[in-house]
Protein chains: 2
Amino acid sequence: MNSTARSESVSAGSGTKTAIRDAAVKLFDAKGFEQTSLREVADAVGITKASLYYHYPSKLDLLVAIINPIIEHMRAVTEDIKTVPFGPEGVRTILQRYIRGMLRNRDAGALCVRDTVAILNAMADRYPDLFEFGRQLGDWLAGPDPSPEQKLRASAALHVLEVALLSSEVAPEANEALIETTLLDAATCVLTACGTR
Amino acid sequence: MNSTARSESVSAGSGTKTAIRDAAVKLFDAKGFEQTSLREVADAVGITKASLYYHYPSKLDLLVAIINPIIEHMRAVTEDIKTVPFGPEGVRTILQRYIRGMLRNRDAGALCVRDTVAILNAMADRYPDLFEFGRQLGDWLAGPDPSPEQKLRASAALHVLEVALLSSEVAPEANEALIETTLLDAATCVLTACGTR
DNA sequence: GTCTATATACCGATAGAC
DNA sequence: GTCTATCGGTATATAGAC
């Protein structure tokens, strides 16, 4: 346990730096981004606030380091919808890519959902098009020249997939395959108006 | 326009007091509860911070005045599930009551969804059982002795209904009847696994 | 790379005049 | 009922020793 940089988990980097990130994720998720002070994060790691600033130049940079995977995934899916043709199998392809990316970054995603306003406003300067990603995806899902009902269904389908981020709380026994299958089925069902009406 | 207490809108009360509430709803929704200062609210109304404290004894009391209708509605539905028998028509009854209450208080509801963590933590002391309402409703919807898939579907169904709170943004042309019908159909569809799988 | 100490700013809330 | 002025607390971020 001596020498330099032994990896302690899957996503180890420089040691203290990833310890800061992990502690911040936990605290941001529990208390919210703005309501969590860097002193609390530093205390959880066992260092001081000044040392934290050595690894991350600002509180915003710490947040970006956490949710960057989510942003890049949203950007990638938003790019995909420009090439994938709209239709039943195209929709399923997009929805599958979307939910898999969220399952891959579950903790950071849960943070975004439960603290939407604060995070969106904090990132607005650095990522001005972040808000557009969700809207563009919704527009594509609603199809060409959509009715109000289709718009509602598209938005509802995306909200169904967001349950994946809360799945460890809702159904801890479910594995990723079951979550993906169930929510993907539910979302396509929402989109295609297959109800009992 | 002289004398005392002329009602200016549907929910008029003492004049300044409701003006504060309305300004606060708008600002809390745009910036988040904790990130909005009482100085900003006071400025929007055209009074000072000290005058605001004459009408509301604390920032938390202002928040409670805004989202109290939502809380009471959640409490009422949570009471309903103890008497309504579980089954297809019972589920539809509960879901309908749930979505109608959210449509009735759309602005306050949107605030709760987009600023969940901050609001939940702020209200935790005064309303300790607030978090339980959503969980109990999810448990009832999942049915007796639910499988992981049923738990996921119940949670997803509730998330579908939450789209009602964002409907003025997603589909401004849709009236309340269309919103209710569409989302109610989508939610029951999510629950009953009627997909194309 | 981690520390102590501090600069600067804003917050919620209160006191008291009018 | 609205105001000015202020208290006490905490926040982000920085300076500089080690």
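Chain A is the first sequence line, chain B the second, and so forth, proteins listed ahead of strands; every chain is numbered from 1.
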Quiz item: Would B:Asp185 and B:Thr182 count as a side chain to side chain donor-acceptor pair (under 3.5 Å) if you check the C-alpha gap in whole Å, the side-chain angles of each, and the deciding distance to 0.1 Å?
Solution: CA-CA 5 Å; B:Asp185 177 66; B:Thr182 303; over 6 Å; no

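- Rounded to whole angstrom, the span from the NZ atom of A:Lys59 across to the P atom of D:dT14 amounts to 15 Å.
- Distance, A:Arg39 CZ to D:dA13 P: 17 Å, rounded to whole Å.
- Contact between the side-chain N/O atoms of B:Thr16 and the OP1/OP2 oxygens of D:dT2 is found at a separation under 4.0 Å.
- Between B:Val160 and B:Ala186, the shortest heavy-atom distance links the atoms CG1-CB, 3.8 Å.
- A cation-pi arrangement is absent between B:Lys17 and B:Tyr54, since the terminal nitrogen or guanidinium carbon is not both under 6.0 Å from the aromatic centre and inside a 45° cone about the axis.
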Practice problem: Could you check A:Asp80 against A:Arg75 for salt bridge (charged side-chain N to carboxylate O under 4.0 Å, His left out), going step by step and ending with a plain yes or no? | Solution: CA-CA 9 Å; A:Asp80 286 343; A:Arg75 194 194 308 278; over 6 Å; no

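- Residue B:Leu95 comes nearest to B:Ala187 through the heavy atom pair CD1-CB, 4.1 Å, listed as atom of the first residue, atom of the second, then distance.
- Nearest heavy-atom pair across B:Val190 and B:Arg153 is O-NH1, 2.7 Å.
- Annotation: cation-pi pair A:Lys59/A:Phe33 present, NZ/CZ under 6.0 Å from the ring centroid and within 45° of its normal.
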Exercise. I would like to know whether A:Tyr127 and A:Val64 meet side-chain contact (heavy atoms from CB on, under 4.5 Å); could you show each step before the answer?
Key: CA-CA 10 Å; A:Tyr127 296 85; A:Val64 168; 3.6 Å; yes

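- Computed from coordinates, the A:Leu60 CG to D:dA11 C1' distance equals 15 Å when rounded to whole Å.
- Taking atom OH of A:Tyr53 as the reference point, atom C1' of C:dA7 lies 13 Å away to the nearest angstrom.
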Name the pairs: protein N/O against N/O of nucleotides 3-7 of chain D, kept only if under 3.5 Å.
from  : atom 1 : to      : atom 2 : distance (Å)
D:dC3 : OP2    : B:Thr48 : N      : 2.6
D:dC3 : OP2    : B:Thr48 : OG1    : 3.0
D:dC3 : OP2    : B:Ser51 : OG     : 3.0

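- Computed from coordinates, the A:Tyr54 OH to D:dT12 C1' distance equals 20 Å when rounded to whole Å.
- In the helix from C:dG1-D:dC18 to C:dC18-D:dG1, the terminal helix axes, each the rotation mapping four pairs' C1' atoms onto the next four within five end pairs, subtend 0°, rounded to 10°.
- Side-chain proximity of A:Ser37 to the nucleotides C:dG12, D:dT12, D:dG1 is greatest for D:dT12.
- Rounded to whole angstrom, the span from the CG atom of B:Asp43 across to the P atom of C:dC11 amounts to 10 Å.
- The distance between atom CG of B:Leu52 and atom P of C:dA15, rounded to the nearest whole Å, is 17 Å.
- Between A:Lys17 atom NZ and C:dT2 atom C1' the separation is 16 Å, expressed in whole Å.
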Practice problem: Output, in order, the C-alpha distance, side-chain angles, deciding distance and verdict of side chain to side chain donor-acceptor pair (under 3.5 Å) for A:Arg106 and A:Ser167. | Solution: CA-CA 9 Å; A:Arg106 225 181 292 194; A:Ser167 49; 3.2 Å; yes

